[in-house]
Protein chains: 2
Amino acid sequence: MSHNENGFKMRQNEKTSKITIDIVAQKSGFSRATVSRVLNRDPSVKPATAQKILRVVEDLGYTPHSMASALSGGKTKTLAILLPDLLHEYYTQLLAGADTTAEEHGYTLLLKTRNTRKVFQELVEGGRVDAFILRYAGPASFDEDLLKYLRNRRIPYIVIGTPPFLDTHPAVMIDNIGGARLMAQHYGVHGYKRILFITGPDHSNDSKDRLYGFKIGLSEKGVDPERIVVEEGDFSQRSGYEVAKRCLLQDQFDAVFAANDSMALGVIQFCQDRGIRVPEDLAVTGFDDTFFAGHLQPPLTTIRQPMYEIGVVAVLNLLRVMEKGEQVESRVILPTKLIVRRSCGCNGEPMELSNPTT
Amino acid sequence: MSHNENGFKMRQNEKTSKITIDIVAQKSGFSRATVSRVLNRDPSVKPATAQKILRVVEDLGYTPHSMASALSGGKTKTLAILLPDLLHEYYTQLLAGADTTAEEHGYTLLLKTRNTRKVFQELVEGGRVDAFILRYAGPASFDEDLLKYLRNRRIPYIVIGTPPFLDTHPAVMIDNIGGARLMAQHYGVHGYKRILFITGPDHSNDSKDRLYGFKIGLSEKGVDPERIVVEEGDFSQRSGYEVAKRCLLQDQFDAVFAANDSMALGVIQFCQDRGIRVPEDLAVTGFDDTFFAGHLQPPLTTIRQPMYEIGVVAVLNLLRVMEKGEQVESRVILPTKLIVRRSCGCNGEPMELSNPTT
DNA sequence: CTGAAAGCGCTTACAG
DNA sequence: CTGAAAGCGCTTACAG
């Protein structure tokens, strides 16, 4: 039963039966238990034995049935990733990073974008996954009970983003404060004083941190942080547009800093519609550095967060937690940097600014 | 054992044992078999019985172990989706559509972006999924043997895109020819004659169809399709830039039509770098209508394909195939439309043009 | 309409 | 270092 280039067709012709561990056992002359052991790299098996068995596995093109091994105590080798949606670049980059890293380590991702309690429960009770990656995005996405539940059941997990929980959980976050502070300092060099800040939705801690960091940077530059105007958006392009419409026509501003790029885009669109020149009449900046930021007119000055890398780090740390058991210290904060383009009023070459230490 | 708002905590306290079908059987006074039947909506069960059992299921918060049911002949309720990557908007939109639709129907997606034969085999032999969604993207992503293999094993699948296979497989495609033809006709109204067409990679049938449709439209407008210049790209922004550099400095063109938006973007960037005005000196158009297309300067005229909907239709049709067995006629072609913005030389309001019938 | 029993394909103590 | 056996939690003929 040799193997040619076309391993598939051969099997089709046999067609007879699914190849099971028992067949491997029989052909190799060892027991099912021993075959299982070599498949799971049990070091107690004599190397020569392992050799022989592996050879048969190879010849037969045997692949263990993952459902069976999961049921009998093995692992599923799959990770659940819970995301609010896939429509924003932030989430897809995250997913791409997580997926690539998971595959590199032999894991598969199970994607869920409807994070109801029921979905969650089915994943856990159904024994479908070994661990969870949870992107926190507001109260609706999941609550602390869910995390406690996972913890009690000893199911490894990691959360992405800044949840408003008092308790600490394994998490990967970004330096929102440092990034926004950089922006404030840059506003300082431009001398902007009359500033509009557009927040994300009320529950977003990421947004809160950005505002906080921005205020810190402002006072460092001698601007009274309490004098800026703060308006609430919801991270959507539309909300940026709406806030702009509501505020820009009333008061006179030097600059607006939106808590993400989408809202900054909304602001810029409003300006275009009303003939407000950016950045001559008004500077506009964002947060994220999504793909379109660099292609806007004018190109958007923004804070870059490493979206893809967040996904990578999340699975890497989750894997560590899975290996070493629950009590691995696993909170990481990834750096952000200021990407200076033209919407802030600069007009030279694009440049990047990082925090000295964060 | 009533259920309060916090179903999770309660279970934590019991902590004792996982709730299995046997526990449900015992508490309800029926056999395991009967419980299984009601869970699987077997119509032979007496309604009153089903009622009682369901009540117990509810009270206990019982969730079947999916690995166990999969192993014993049930379904996994999961669909594998194989994508070349997640970096391009095309794929993520596709994924978003597929994911939403799958969840609506009680399915979960298993995502794979490394489509090696090994990965494929593990999914099939490992019994991890009920069916496959395959995005065809060139020879490396998968070959016809794989499809035959699935077919022989009676594993439902659907392919997305236009594969170069002679044999027919369930598939969802888009009207590449019709879309490109629309573009050609629009070029006709602008009177463009000296035209550069940038293709995708050699193996891309989507690209070939776009070129084909474009030529048809051209001749309909009295332009000799053999006089246009055709250059090969690979769908990347960089390749668009490179082709532009190679060609635009040599010959004089009225317009370039790139087989996707990314390459069009590359061309526009090159023009910016060299001070070539778009569309005054050169019209540039693309294909896809990705998010950034409308935000480019000038906004990109392009052909819109319904990326999200492709994902939706793919799982819907796959579900039909799964229900009705293999021989469901299931090939669909989704329409495309011309989105006129400004990069083609128009300067009015944006507008859309569809094929009368496709 | 319902139940007892076999079986899905593995893993893992328990012996030796 | 290896094997026989029990068991994971379900589904599905087979009887009745």
Side-chain angles (χ1 to χ4, degrees), chain A residues 16-54 56-57 60-78 121-128 130, chain B residues 16-54 56-57 60-78 121-130 153:
Chain A
T16 355
S17 55
K18 181 146 182 28
I19 299 169
T20 68
I21 196 173
D22 284 326
I23 299 181
V24 176
Q26 186 201 308
K27 296 244 181 199
S28 67
F30 289 92
S31 75
R32 181 201 306 172
T34 301
V35 174
S36 175
R37 289 193 188 97
V38 347
L39 258 17
N40 294 300
R41 287 163 181 49
D42 183 326
S44 73
V45 177
K46 186 162 59 169
T49 303
Q51 222 64 102
K52 286 177 202 154
I53 290 178
L54 253 14
V56 176
V57 166
L60 257 33
Y62 167 65
T63 307
H65 190 107
S66 67
M67 297 302 173
S69 66
L71 182 58
S72 46
K75 293 301 174 188
T76 65
K77 283 290 189 175
T78 113
Q121 196 160 336
E122 274 173 12
L123 256 25
V124 177
E125 310 286 336
R128 295 169 72 104
D130 295 339
Chain B
T16 354
S17 55
K18 180 147 183 28
I19 299 169
T20 69
I21 196 172
D22 283 327
I23 298 181
V24 176
Q26 186 201 307
K27 297 244 182 202
S28 67
F30 289 91
S31 76
R32 182 201 307 172
T34 301
V35 174
S36 175
R37 288 194 190 97
V38 347
L39 259 16
N40 294 299
R41 287 161 181 48
D42 183 326
S44 72
V45 178
K46 185 162 57 170
T49 305
Q51 223 64 103
K52 287 178 202 153
I53 290 179
L54 253 14
V56 176
V57 165
L60 257 32
Y62 168 64
T63 307
H65 191 107
S66 67
M67 298 302 175
S69 66
L71 182 57
S72 46
K75 293 301 174 190
T76 64
K77 284 287 190 177
T78 113
Q121 196 160 336
E122 275 173 11
L123 256 26
V124 177
E125 310 285 337
R128 294 170 72 105
V129 298
D130 295 339
R153 290 204 162 248

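- Partners of B/Thr63 by side-chain contact (heavy atoms from CB on, under 4.5 Å), not counting sequence neighbours, listed by chain and number: A/Gln121, A/Glu122, A/Glu125.
- Taking CD1 of A/Ile53 as the start and CZ of A/Phe30 as the end, the distance is 5.5 Å to the nearest 0.5 Å.
- Test A/Val56, A/Val35, A/Asp22 against A/Lys27 for side chain to side chain contact (heavy atoms under 4.5 Å, CB included) and you get one pass: A/Val56.
- Taken to the nearest 0.5 Å, the CD1 atom of A/Ile19 stands 4.5 Å off from the CG atom of A/Leu60.
- When all heavy atoms are compared, the tightest approach of A/Asp130 to A/Lys77 is OD2-N, 2.7 Å.
- Near DNA chain D, meaning a heavy atom under 4.0 Å away, the residues from residues 37-49 of chain B are B/Arg37, B/Asn40.
- A close approach under 4.0 Å does not occur between any side-chain nitrogen or oxygen of B/Tyr62 and OP1 or OP2 of D/dG9.
- Following rounding to the nearest Å, A/Asp22 (CG) and C/dC10 (P) show an atom-to-atom distance of 8 Å.
- Every stem involving DNA chain C, taken as at least 3 paired positions in a row under the Watson-Crick or G-U wobble test at 3.5 Å, is listed here: C:1-3 with D:14-16, C:5-12 with D:5-12, C:14-16 with D:1-3.
- A donor-acceptor pair under 3.5 Å is formed between the side chain of B/Arg128 and the backbone N or O of A/Thr76.
- Put simply, CZ on A/Arg32 is 15 Å from C1' on C/dA13, counting in whole angstrom units.
- Rounded to a whole Å, the CZ atom of B/Arg128 is 14 Å from the P atom of C/dC10.
- The side-chain contact (heavy atoms from CB on, under 4.5 Å) search around A/Ser72 returns none, not counting sequence neighbours.
- Between B/Ile19 atom CD1 and D/dC10 atom P the separation is 10 Å, expressed in whole Å.
- A donor-acceptor contact shorter than 3.5 Å is absent between the side chain of A/Arg37 and the backbone of A/Ala50.
- Applying the side chain to side chain donor-acceptor pair (under 3.5 Å) rule to A/Ser66 yields no partners; only residues at least two apart in sequence or on another chain are considered.
- Annotation: proximity of residues 63-73 of chain A to DNA chain D (heavy atom, distance under 4.0 Å) is found for A/Leu71, A/Ser72, numbered in ascending order.
- Rounded to an integer number of Å, the gap from B/Gln51 CD to C/dT2 P is 12 Å.
- The interatomic distance linking B/Ile21 (CD1) with D/dC8 (P) rounds to 14 Å, in whole Å.
- Atom CD in B/Gln26 sits about 18 Å away from atom C1' in C/dT2, given to the nearest Å.
- Checking A/Ser36 against B/Ala50, the closest nucleotide of DNA chain C that is more toward the 5' end is the one next to B/Ala50.
- For B/Thr34, no side-chain nitrogen or oxygen approaches OP1 or OP2 of C/dT2 to under 4.0 Å.
- B/Ile53 places its CD1 atom 8 Å from the P atom of C/dT2, with the value rounded to the nearest Å.
- With no hydrogens or angles considered, a side-chain donor-acceptor pair links B/Ser44 and B/Asp42 at under 3.5 Å.
- Residue B/Tyr62 comes nearest to B/Val24 through the heavy atom pair CG-CG2, 3.7 Å, listed as atom of the first residue, atom of the second, then distance.
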